[in-house]
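Reading through the structure tokens given below for one structure.
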Amino acid sequence: MPSAKTQPARGMRDFLPEDVRKREYVISVIKEVYERYGFEPLETPAAENIETLMGKYGEEGNQLMFKILKRGVHEGTGEADLALRYDLTVPLARVVAEYRDKLPKFFKRYQIQPVWRADRPARGRYREFYQCDVDVLGSRSMIVEAEIISASSEALGKLGFSDFVVRLNHRKVLTGILDAAGIAQEKHVTALIALDKLDKIGADGVLREFEAREVVAAEAGKELLALFEPSGDNEEILARLERFIGSHVIGLEGLADLREIISYLPSSVVRIDPSLARGLTYYTGAIMEIQVEDLAGSMGGGGRYDNLIGMFLGRDIPACGFSLGLERIILVMSERNMFPVNLLRSPADVMMAVWRDAVEDALSVAAELRRQGLRVDVYPERDVKLGNQISYASKRSIPFVAFIGEEERGKGLVVLKNLKTGEQEILDRGEVAHVVLREVRRVE
RNA sequence: GCGGCAUUAGCUCAGUAGGUUAGAGCGCCAGAUUGUGGAUCUGGAGGUCGUGGGUUCGAGACCCACAUGCCGCCCCA
């Protein structure tokens, strides 16, 4: 039994070669799409000064943050002065505040890095996980929201997803709805938490929560919940919301934003969903989330946060972003077998077996094949029976084994065995690469 | 943070009402006429039964605590 000591820390994982291949594949697709939308790469340190992060994510976030004790003689104080980043948005806000004069007027960046949360691990949920963020800073235009939704959707599409939905809502609309329903300001957060659970616990469940937390009277609650019935297309939902909100100025601003956003996007992509709330406290405008059927949580989410950078800079810079969750994407893709087959290909195109006194010849042939662009594994021990060497290559599904025996030595000849067909031929060492390459390309 | 279930060889799991040296399948390593794999046969290595306490003449089995994992709640990517 692996003693507990060799397991990675709770909620964290080692990535074996196959895992890394999958991760790198997904990351490369996402990156490529983001680049095509004109986003530039950014990386920031794993740790931030603790005051940079504290208070940006609400009470829950403060608790789930991994804090780092002061080092050296100060360690005994038990005081933390650093923390591992909790998301990529707050570090971005810090960067923008710090380098304002060096960055373009509209800063579009993507960032694919790990973040850490001291959460309880669960399906698709870890304590160290990657976020793939895109953000646009410096513009209040709804074109930004549309572009971000479009880029994220396209990335998922490129990965092979076709059944996802982008749920779209707006903080201001929520404010309008809750005000119009007569819910007191200080009960708004409680009401939103309950509403967010609508698709999980149903309308009755939400009503019970309302009652339990004294959010709103039962009668008004029912009227409110009627708003959230999933019936109707986006236009009908928006009309319904507008009737309910009436003349609430803030709420109407939100509705106008939503109308503008969906007008820029194909109608099939986005679904207005008034029950979407999202936990992070820094959102101020549109909020969105991407969902697929067989995943309880979301595959990603984001929104507009016009005030966050102001917390660092002293003057507001509008911003909007979206974050895809790498491990959730990988989880669903693995379950659905969505990874391309050649990702799971063998570690090498050909293995050079080493035979008795021909080690140097084998190494020089290997070098030659590598120069031709082939991936060549050299069996790392000599004087091992040829059968065992071939068996080793076969188990690792390497398609070819090459070796130089007594009869070939000194003649510039190499035996090349195709492990799939079992056939083998004696070739001039110059021909080997050609034969292997032909087969490798045929398979790919 | 709360509740439930789990933890025995590298992997998946058996282990009868607590009783001598803990098992299987797969995998791994090797052998079956000195240069040929996948099939078959044979053999081998590998576990202080998650950790620490306790009950007992005796515990992998029972009790407690802790750790880790899974499923709900909470929250979230």
Side-chain angles (χ1 to χ4, degrees), chain A residues 1-13 16 30 57-65 85-89 112-133 152 189 192-194 196-197 200-201 205 209 276-281 288-292 295-302 321-332 351 353-358 379 383-409 415-426:
Chain A
M1 183 65 228
S3 74
K5 283 169 198 151
T6 60
Q7 294 176 336
R10 171 168 207 192
M12 304 197 180
R13 294 151 304 151
L16 297 183
I30 292 172
Y57 308 103
E59 196 48 45
E60 188 88 12
N62 288 350
Q63 280 179 13
L64 295 180
M65 208 175 287
R85 65 164 107 78
Y86 187 85
D87 72 358
L88 302 177
T89 307
I112 301 174
Q113 286 194 283
V115 305
W116 292 268
R117 296 182 189 176
D119 231 341
R120 181 159 189 163
R123 177 180 143 91
R125 184 183 212 178
Y126 304 95
R127 294 181 142 196
E128 177 182 57
F129 62 97
Y130 272 62
Q131 294 196 320
C132 312
D133 276 34
S152 311
V189 174
L192 288 180
I193 291 171
D196 201 37
K197 289 186 250 177
K200 237 188 204 171
I201 61 178
E209 290 239 355
L276 175 68
R278 287 187 67 71
L280 295 178
T281 50
M288 49 254 187
E289 215 165 86
I290 291 192
Q291 284 196 326
V292 291
L295 189 71
S298 69
M299 286 218 292
F322 196 91
S323 178
L324 287 171
L326 178 66
E327 3 293 296
R328 292 185 175 180
I329 291 172
I330 290 171
L331 176 76
V332 176
M351 188 191 86
V354 291
W355 191 245
R356 299 192 170 174
D357 299 321
Y379 194 86
D383 299 332
V384 172
K385 284 181 140 189
L386 186 57
N388 293 343
Q389 298 194 38
I390 292 174
S391 171
Y392 174 77
S394 176
K395 273 163 196 154
R396 302 180 69 211
S397 42
I398 297 172
F400 287 97
V401 170
F403 63 92
I404 300 162
E406 299 285 325
E407 293 162 27
E408 293 79 34
R409 272 192 79 195
V415 179
L416 182 67
K417 184 178 176 75
N418 182 328
L419 294 191
K420 274 181 203 148
T421 63
E423 288 162 9
Q424 71 181 46
E425 48 190 332
I426 301 175

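Order of the sequence lines sets the chain letters (A, B, ...), proteins ahead of strands, with each chain counted from 1. In this text, all values refer to a predicted model and were calculated from it rather than measured experimentally.
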- Task: Provide the distance between the two C1' atoms, one in rG18(B) and one in rC76(B), to the nearest whole Å.
- Result: 45 Å
- Could you measure between the two C1' atoms, the one in rG60(B) and the one in rU20(B), and give it in whole Å? 15 Å
- Message: For the backbone of Pro121(A) and the side chain of Asp119(A), can you confirm whether one donor and one acceptor N or O come within less than 3.5 Å of each other?
- Response: no
- How is the base pairing of RNA chain B summarised as a dot-bracket string, given the Watson-Crick and G-U wobble criteria with both distances under 3.5 Å, [ ] for crossing and | for another strand? (((((((..((((.....[...)))).(((((.......))))).....(((((..]....))))))))))))....
- Query: Under 4.0 Å between a Lys/Arg side-chain N and an Asp/Glu carboxylate O for Glu128(A) and Arg117(A)?
  - Reply: no
N/O contacts under 3.5 Å, protein versus nucleotides 70-73 of chain B?
| residue | atom | partner | partner atom | Å |
| --- | --- | --- | --- | --- |
| rC71(B) | OP2 | Arg123(A) | N | 3.2 |

- Item | Between rG37(B) and rG46(B) - P atom distance, rounded Å | 28 Å
- What is the ring orientation for Tyr86(A) with Tyr57(A), classed by angle as parallel under 30°, tilted 30 to 60°, or perpendicular over 60°? tilted
- Contact class for Gly11(A) vs. all strands (heavy atom < 4.0 Å): base, sugar-phosphate, or nothing? sugar-phosphate
- Item | Side-chain donor/acceptor contact of Gln389(A) with base of rG35(B) under 3.5 Å | no
- Query: Is any side-chain N or O of Ser394(A) under 3.5 Å from a base N or O of rG38(B), one able to act as donor and the other as acceptor?
  - Reply: no
- Query: When the P atoms of rU48(B) and rU40(B) are considered, how many whole Å apart are they?
  - Reply: 31 Å
- Message: Any base atoms under 4.0 Å from Tyr392(A), or only sugar-phosphate, or nothing? Heavy atoms, all strands.
- Response: nothing
- Message: For Lys197(A), is there an ion pair with Glu209(A) - N to carboxylate O distance below 4.0 angstrom?
- Response: yes
- Message: Using the rule given for side-chain contact (heavy atoms from CB on, under 4.5 Å), can you reason through Phe400(A) versus Leu416(A), listing the C-alpha separation, both sets of side-chain angles and the distance that settles it, and then say yes or no?
- Response: CA-CA 7 Å; Phe400(A) 287 97; Leu416(A) 182 67; 3.8 Å; yes
- Message: Are the side chains of Phe322(A) and Ser152(A) in contact, using a 4.5 Å heavy-atom criterion?
- Response: yes
- Query: Among Leu88(A), Thr89(A), Leu326(A), Ile112(A), whose side-chain contact (heavy atoms from CB on, under 4.5 Å) with Gln131(A) holds?
  - Reply: Leu88(A)
- Query: Reckon Glu406(A) touches a base, only the sugar-phosphate, or nothing at all at heavy-atom distances under 4.0 Å?
  - Reply: base
